[in-house]
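For reference, the structure is listed below as structure tokens.
No hydrogens, no waters, no symmetry mates; every other heavy atom, side chains included, goes into these values. Atoms within each ligand, like the ligands themselves, are counted from 1 in listed order.
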Amino acid sequence: METCIRSPQDYMRMALELARKGEGKVSPNPMVGCVVVKDGRVIAAGCHEAYGEYHAERNALLHCQEDPEGAELYVNLEPCCHYGKTPPCTEIILEKKIKKVYVGCLDSNPKVAGKGIEILQQHGVEVVKGVLEEECRAVNEVFFHYMERKMPFTAMKYAMTLDGKIACETGDSKWVTGREAREHVQCLRNRYRGIMAGINTVLEDNPMLNCRMAGGRNPVRIICDTRLRIPRGSQIVETAAEIETIVAWNARAAGEYRKETKTAAEELKETTRYLEKKGVVLLDIPLKSENAVSQLDLRQLFVNLGERGIDSILLEGGGTLNASALREHLVQRVYAFVAPKLVAGAQAKSPVEGKGIQRMKDAVKLESIEITSVGEDFCITGRIGEEEPCLPE
Ligand code: AOF
Ligand code: ZN
């Protein structure tokens with residue numbers, strides 16, 4: 001008879017795979033999967049399926065194929081010990097008389113933060129910590145970043161040619177990458193809670209910025225529009241009642257921009273009234289500096305978005321917005337889709353503009369790089385570490 005002995009790492013990998021089922025459905029909660037093993041057999045498995053619903057451990061333990069007394073439980077995140085939207089997972093683990101719990105990584109929610117493990121140990125449950133810890137931290141990079149800083153985890157996404165252009169000299173950009181890569185972007189839009197673009201993208205492309213993946217969730221659309229130029233009739237404005245939409249602007253800059261017209265104040269008031277009636281949330285954000293009339297204080301905006309519960313942002317900016325976000329150290333991950341073609345032209349736009357670094361040694365470097373081929377294109381992704389230098393002012 002074939003014996004299949006699995007290691008704790010194998011079971012933790014199963015838990016991680018289950019956890020990923022919650023992608024796009026559980027935020028701002030973490031993605032968690034749980035596997036219950038008795039006498040070398042998996043007797044239950046479950047995950048946190050949707051925000052506000054049961055946690056992974058409870059889902060698994062409520063559906064055991066046999067009595068879980070004396071079983072081992074594998075979970076990628078420390079079991080919670082607080083009453084939130086659901087009762088504590090530690091309670092059901094003790095109630096079901098689980099003997100040993102393998103934990104991937106600690107929960108940084110201050111209500112838990114090690115206390116979940118302590119409670120289990122105090123009640124005689126053996127706990128093994130740190131199984132596939134790195135992978136377990138990585139799967140919930142958004143959760144940990146947001147929980148620890150209250151700032152949205154931000155991924156900058158762009159598509160460029162092999163010679164580093166996001167459009168031709170004429171501005172034509174349809175399409176840089178092929179169908180598969182563009183479909184992949186739809187999965188990213190499902191994964192992140194918000195999507196951010198600059199007003200120029202709205203003016204040039206009149207995009208929807210929604211998620212067209214089957215069964216996917218639309219991200220909250222966030223448009224950086226200092227002078228409030230977003231057109232009535234644009235797709236974003238006209239669909240704001242169905243898809244949450246935030247326009248970040250600055251009232252003073254918007255007023256000054258219109259000061260040539262006699263009816264400026266009236267027109268601005270009417271515009272804000274129209275947008276709000278359509279369902280757009282207007283956020284009046286301070287300027288980066290007194291003389292930078294076209295630049296919002298992005299950090300302030302991100303703090304505000306964090307306070308609104310937006311835990312993650314997919315930044316689909318043009319070169320200027322991307323550079324500003326990097327300069328403010330607001331970007332944690334980059335997804336660069338690279339099409340193996342060349343368009344040339346010194347005037348053709350590139351993904352990050354603004355002011356560049358002066359010496360190659362000062363470049364912003366990415367770590368934990370992954371490269372995948374997506375149809376005819378490539379996706380390169382990596383993290384920007386906290387210690388990396390910012391772009392210059
Ligand atoms: C677990 N297992 O599957 C998840 C945990 O509002 P609630 O009740 O859903 O609680 C959310 C918090 O619980 C969240 O911030 C995180 O600390 C923990 N999530 N814990 O034991 C799970 N999703
Ligand atoms: Zn829990």
Angle at the Zn ion (ligand 2) between SG of Cys89 and ND1 of His55, to 10°? 110°

Short side-chain donor-acceptor distance under 3.5 Å, Thr170 and Asp172: no

Against heavy atoms of Cys80, which atoms of ligand 1 measure under 4.0 Å? 1 (C), 20 (N), 21 (O)

Atom 3 (O) of ligand 1 [closest protein heavy-atom partner, distance rounded to 0.1 Å]: Ala56 N, 2.9 Å

Any idea which atoms of ligand 1 are less than 4.0 Å away from a heavy-atom of Pro79? 21 (O)

Tell me, which protein residue and heavy-atom name are nearest atom 8 (O) of ligand 1, and how many Å apart are they? Lys85 N, 2.7 Å

Provide the number and element of each atom of ligand 1 under 4.0 Å from a heavy atom of Asp107. 16 (C), 17 (O), 18 (C)

Could you label the plane-to-plane angle of the Phe153 and Tyr192 rings as parallel, tilted or perpendicular, counting under 30° as parallel and over 60° as perpendicular? parallel

4.0 Å heavy-atom contact, Tyr83 with ligand 1: no

Which of the numbered atoms in ligand 1 are under 4.0 angstrom from any heavy atom belonging to Thr86? 8 (O)

Protein residue, atom and distance nearest to atom 19 (N) of ligand 1, heavy-atom basis: Pro30 CG, 3.5 Å

Could you verify whether a donor N or O on one side chain and an acceptor N or O on the other, from Arg217 and Ser27, lie under 3.5 Å apart? yes

For His82, is the nearest heavy atom under 4.0 Å from an atom of ligand 1? yes

Considering only non-hydrogen protein atoms, determine which one is nearest to atom 15 (O) of ligand 1 and report residue, atom name and distance to 0.1 Å. Asn109 ND2, 3.1 Å

Honestly, for Asn29 the part within reach of ligand 1 (heavy atoms, under 4.0 Å) is side chain

Side chains of His48 and Asn29, donor plus acceptor under 3.5 Å: yes

Heavy-atom contact check, 4.0 Å cutoff: does Glu53 meet ligand 1? no

Within the distance-only criterion (no hydrogens, no angle test), does the side chain of Asp225 pair as donor or acceptor with the backbone N or O of Ile230 below 3.5 angstrom? yes

Any sub-3.5 Å donor-acceptor pair from Lys21's side-chain atoms to Glu49's backbone N or O? no

Got the closest protein heavy atom to atom 23 (N) of ligand 1, with its distance? His48 CD2, 3.2 Å

Distance-only, no hydrogens or angles: does the Thr226 side chain make a donor-acceptor pair with backbone N or O of Trp249 under 3.5 Å? no

Closest non-hydrogen contact found for Ile369 with Gly382 is CD1-CA, 4.0 Å

Are Glu148 and Ser108 linked by a side-chain donor-acceptor pair shorter than 3.5 Å? yes

Contact partition for Cys89 relative to ligand 1, non-hydrogen atoms under 4.0 Å: side chain

Atom 5 (C) of ligand 1: which of His55, Glu49, Lys111 has the nearest heavy atom? His55

For the side chain of Arg221 and the backbone of Ile236, is there at least one donor-acceptor N/O pair under 3.5 Å apart? yes

More than 12 foreign heavy atoms under 6.0 Å from CD of Gln122: is that the case here? yes

Identify the protein heavy atom lying closest to atom 2 (N) of ligand 1, giving its residue, its atom name and the separation to 0.1 Å. Glu57 OE1, 2.9 Å

List every atom of ligand 1 that sits less than 4.0 Å from any heavy atom of Met147, numbering the atoms from 1 in the order shown and giving each element. 15 (O)

I need the atoms of ligand 1 closer than 4.0 Å to a non-hydrogen atom of Glu78, numbered in the order shown. 21 (O)

Give, for atom OH of Tyr54 and atom NZ of Lys85, the distance between the pair rounded to the nearest 0.5 Å. 14.5 Å

